[in-house]
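First listed ligand is number 1; within each ligand, the first listed atom is number 1. These values consider heavy atoms only, across backbone and side chains, with no hydrogens, waters or symmetry-generated copies. We're numbering straight along the sequence, starting at 1.
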Amino acid sequence: MKTRLQVVGDPVGHSLSPDIHQLFAAQLGDHVLYGAEAVPSGQFDQRADAFRRAGGKGMNVTVPHKAAAFAYVDLPSVEAQAAGAVNTIHFCDDGICRGYNTDGQGLVRDLVARWGVALDQARVIILGAGGAARGVVLPLFEAGVGSILIANRTLDKADTLCAELEMHLQAGAELRGAALTADLTNEAVDLVINATSAGLAGKQLILPVSSKQLRSTFCYDMSYGNNAVFHKQISPQAKQSVDGLGMLIEQAAFSYELWLGHRPDTNPVYDAILAKLAVKDDL
Ligand code: ATR
């Protein structure tokens, strides 16, 4: 019998998750049926119930349903609690519906395993204070970073996010907020992560750091493909800059492992999806 999985979001037609998971399944010889369902806001619970009744085993959840999915599950993981968001639901055989957030783990694995970034005691600046930023702070601290500065267009949101995350962090974890327009040119920084949605609107960012700082800084754009405007903006100045395709693949691999019990090799899948995106860009 095939394991039934799906991604839900609105919109969902552009999602690469069905391709990624079918490639994982083919690689590991698993019988998987992975669909994509467009679910309007407000209908998450009823559609998730219906999928579960139809024998669904797991769901990936994307915009705008991650908070609804967090409220829906019986048992959210620690990462999901810190993020206030669930991107992976597992309808387990014991009858419990478990919720996870694999975005942060996906980012950490991509940084460390694919790009060789040293996170131990790293000084990190995250641009943006929305859901994407919230989801990665705890996993970055768990991976050993020394400090995180959240720089956001709206200063209040950065400060509120820091205050809300504090209860999830170990004593001594250095987390601060700042305005995106603040002068951070005297900050020591090893890693800059773009977690804003500016790229979705094709917008470049006004940066709080200098070209001099960027020359010794690894830059990571959580957006990928054509939406990775920050990556394109920063590449000529940064020590190294990458987009977030690897994070997408790695978060998917963590989800897959939760459902199927074993881990795919992500490298060939990364190459295949990169090639698919390149063909699309040419069209
Ligand atoms: P997501 O779930 O993708 O994080 P979100 O919760 O809507 O989406 O958050 C979007 C983030 O991108 C916010 O931090 C937003 O800044 P504000 O809090 O000031 O709104 C940031 N953002 C979006 N467009 C931006 C732009 N053009 N310049 C700077 N920051 C931007």
Side-chain angles (χ1 to χ4, degrees), residues 7-12 14-17 39-41 44 60-72 76 79-88 99-108 110 124-140 148-165 168 175-184 192-209 214 219-234 241 243-248 250-252:
V7 56
V8 300
D10 190 22
V12 82
H14 67 290
S15 174
L16 292 168
S17 292
V39 173
S41 287
F44 180 82
N60 280 132
V61 183
T62 186
V63 177
H65 298 304
K66 289 185 184 186
F70 175 67
Y72 177 84
E79 286 78 14
Q81 287 174 41
V86 156
N87 78 338
T88 304
Y100 303 87
N101 193 314
T102 63
D103 287 333
Q105 288 167 291
L107 169 67
V108 166
D110 191 40
V124 183
I125 294 179
I126 297 179
L127 309 174
R134 180 186 290 269
V136 300
V137 168
L138 181 62
L140 283 168
I148 298 180
L149 205 166
I150 295 183
N152 195 46
R153 182 172 60 181
T154 313
L155 174 60
D156 273 5
K157 269 165 87 175
D159 288 340
T160 304
L161 180 60
C162 291
E164 286 172 6
L165 285 171
H168 298 283
L175 178 66
R176 289 174 294 149
L180 200 56
T181 48
D183 180 2
L184 304 180
V192 175
I193 298 170
N194 173 40
T196 74
S197 56
L200 294 177
K203 296 242 172 67
Q204 294 210 346
L205 290 172
I206 298 155
L207 297 175
V209 288
L214 291 171
C219 291
Y220 194 97
D221 195 340
M222 285 171 66
S223 299
Y224 62 86
N226 285 334
N227 291 330
V229 176
F230 169 77
H231 161 55
K232 287 168 200 155
Q233 174 186 353
I234 214 81
S241 165
D243 79 354
L245 180 64
M247 175 178 170
L248 178 76
E250 298 302 334
Q251 64 78 27

Protein contact of [atom] - nearest heavy atom, named by residue and atom, plus distance:
atom	answer
atom 26 (C) of ligand 1	R153 NH1, 3.2 Å
atom 16 (O) of ligand 1	N152 OD1, 3.3 Å
atom 12 (O) of ligand 1	S197 N, 3.1 Å
atom 5 (P) of ligand 1	G130 CA, 4.0 Å
atom 29 (C) of ligand 1	L205 CD2, 3.5 Å
atom 19 (O) of ligand 1	T154 OG1, 2.5 Å

List for me each residue that meets side chain to side chain donor-acceptor pair (under 3.5 Å) alongside Y72, sequence neighbours excluded, and say none if there are none.
-> D49
Would you indicate whether the side-chain heavy atoms of K232 and N226 approach each other to under 4.5 Å?
-> yes
Considering only heavy atoms from C-beta outward, does the side chain of V209 approach that of L214 to under 4.5 Å?
-> yes
Region of I206 engaging ligand 1 - heavy atom pairs below 4.0 Å | neither
CG of L245 to CD of E250: how many Å apart, nearest 0.5 Å?
-> 10.0 Å
If you round to the nearest 0.5 Å, how far is CG of L207 from CG of L180?
-> 7.0 Å
Cut-off 3.5 Å, side chains only: do D221 and S241 have a donor facing an acceptor?
-> no
Report, in ascending order of atom number, the atoms of ligand 1 lying under 4.0 Å from any heavy atom of [X].
X	value
A132	1 (P), 2 (O), 4 (O)
L180	29 (C)
A129	14 (O)
K157	17 (P), 18 (O), 20 (O)
G128	14 (O)

Mark yes when over 12 heavy atoms from residues, nucleotides or ligands other than K203 sit less than 6.0 Å from its NZ; otherwise mark no.
-> no
Please identify each residue that fulfils side chain to side chain contact (heavy atoms under 4.5 Å, CB included) with A133, with sequence neighbours left out.
-> I126, L161, A195
Using a 3.5 Å cut-off on N or O atoms only, is [X] in polar contact with ligand 1?
X	value
G131	yes
T196	no
A133	no

Test applied, side-chain hydrogen bond (donor to acceptor under 3.5 Å, both in side chains); reference residue, N87; option that passes from H65, E79, Q251, K66 | Q251
Paired with L205, the side-chain contact (heavy atoms from CB on, under 4.5 Å) test is passed by just one of T196, I234, V229, namely T196
